[in-house]
Structure formats: structure tokens, C-alpha cells
Amino acid sequence: MAGFLDRAREQVQQGLTQGKQKLDDVQAQRAGNDLLKQLGAAYYAERRGSGTPDATQQALSALEAHIATHGDGFLRG
């Protein structure tokens with residue numbers, strides 16, 4: 001009986017680990033999408049004359065840092 005409970009506990013732990021990984025992936029994707037949206041808004045504002053090149057560069061740098069950490073999978077939709 002102990003072997004069965006150990007296997008069940010292991011399967012539950014494995015499921016929790018996979019669930020946490022999926023949650024982390026979704027959160028990273030949302031953060032990437034938000035950064036991409038901020039970059040677009042900064043670029044648009046700059047082109048319209050109400051933004052600055054510095055704001056656009058900061059948004060680009062933040063997006064590049066996110067991509068370096070989490071990859072660019074969120075760019076593929």
C-alpha cells in the first residue's frame with residue numbers, strides 16, 4: 001500500500017510542477033505582449049510628435065530584456 005501512495009504522491013507532485021510551469025509560461029507570454037504593446041504605443045506617440053525617442057528606446061530595451069530571459073515565443077501568436 002505504501003508503494004501505491006508513493007506513486008500517487010509522485011504523480012500529484014509531477015502534475016503540480018507541470019501546472020506551475022504552464023502558469024509561468026502564460027504569465028511570461030502576457031508580460032511579453034504587454035511590453036510589445038508598450039513599444040508600439042511609444043513608437044506611435046513618437047511618430048505623432050507627442051512621444052520621445054528615449055521612451056521608444058526604453059520600451060525596446062525592456063522588450064529585448066524580456067526576450068533574452070523568456071524567449072520570443074509570444075511573438076508567434
Side-chain angles (χ1 to χ4, degrees):
M1 184 70 166
F4 171 76
L5 291 177
D6 288 340
R7 284 193 309 262
R9 184 176 297 127
E10 184 179 314
Q11 287 178 346
V12 167
Q13 186 62 40
Q14 198 173 38
L16 289 172
T17 301
Q18 288 174 348
K20 183 179 178 336
Q21 180 62 41
K22 180 66 176 172
L23 178 63
D24 291 345
D25 290 346
V26 168
Q27 288 175 334
Q29 184 173 358
R30 285 183 181 165
N33 287 336
D34 288 345
L35 289 168
L36 190 59
K37 185 177 178 181
Q38 290 171 12
L39 175 59
Y43 178 76
Y44 181 75
E46 180 184 347
R47 298 296 293 175
R48 293 210 48 198
S50 60
T52 65
D54 287 339
T56 303
Q57 185 57 49
Q58 287 175 349
L60 179 60
S61 295
L63 180 62
E64 288 174 338
H66 179 81
I67 289 172
T69 302
H70 300 287
D72 65 354
F74 68 95
L75 293 172
R76 295 186 199 105

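Keep in mind that this is a model prediction, so the values were computed, not measured. The figures that follow rest on heavy atoms only: side chains count, while hydrogens, waters and symmetry mates do not.
Residues Leu63 and Ile67 are in side-chain contact: their nearest non-hydrogen atoms beyond the backbone lie under 4.5 Å apart. Side-chain contact between Thr17 and Gln21 is absent, with no heavy atoms from C-beta onward closer than 4.5 Å.
Note: Gln57 CD to Leu39 CG = 9.5 Å, rounded to the nearest 0.5 Å. To the nearest 0.5 angstrom, Asp34 atom CG is 9.5 Å from Arg30 atom CZ. Residue Gln27 holds its CD atom at 12.0 Å from NZ of Lys22, rounded to the nearest 0.5 Å.
The shortest non-hydrogen separation linking Ala42 to Ala59 is CB-CB, 4.3 Å. Taking every heavy atom of both residues into account, Thr56 and Glu46 meet most closely at OG1-OE1, 2.6 Å.
Under the salt bridge (Lys or Arg N to Asp or Glu O under 4.0 Å) criterion, the residue pairs touching residues 3-17 are Asp6-Arg9, with sequence neighbours excluded.
Under a hydrophobic-cluster definition in which Ile, Leu, Val, Met, Phe, Trp and Tyr are linked whenever side-chain heavy atoms come within less than 4.5 Å, directly or via other members, Leu75 and Leu35 are assigned to the same cluster. Under the 4.5 Å side-chain contact rule for hydrophobic residues, Leu60 and Tyr44 do not share a cluster.
Under 4.0 Å is where a charged nitrogen must lie from a carboxylate oxygen, and between Lys20 and Asp24 at least one such pair does.
At least one donor-acceptor pair closer than 3.5 Å links the side chain of His66 to the backbone N or O of Ala28.
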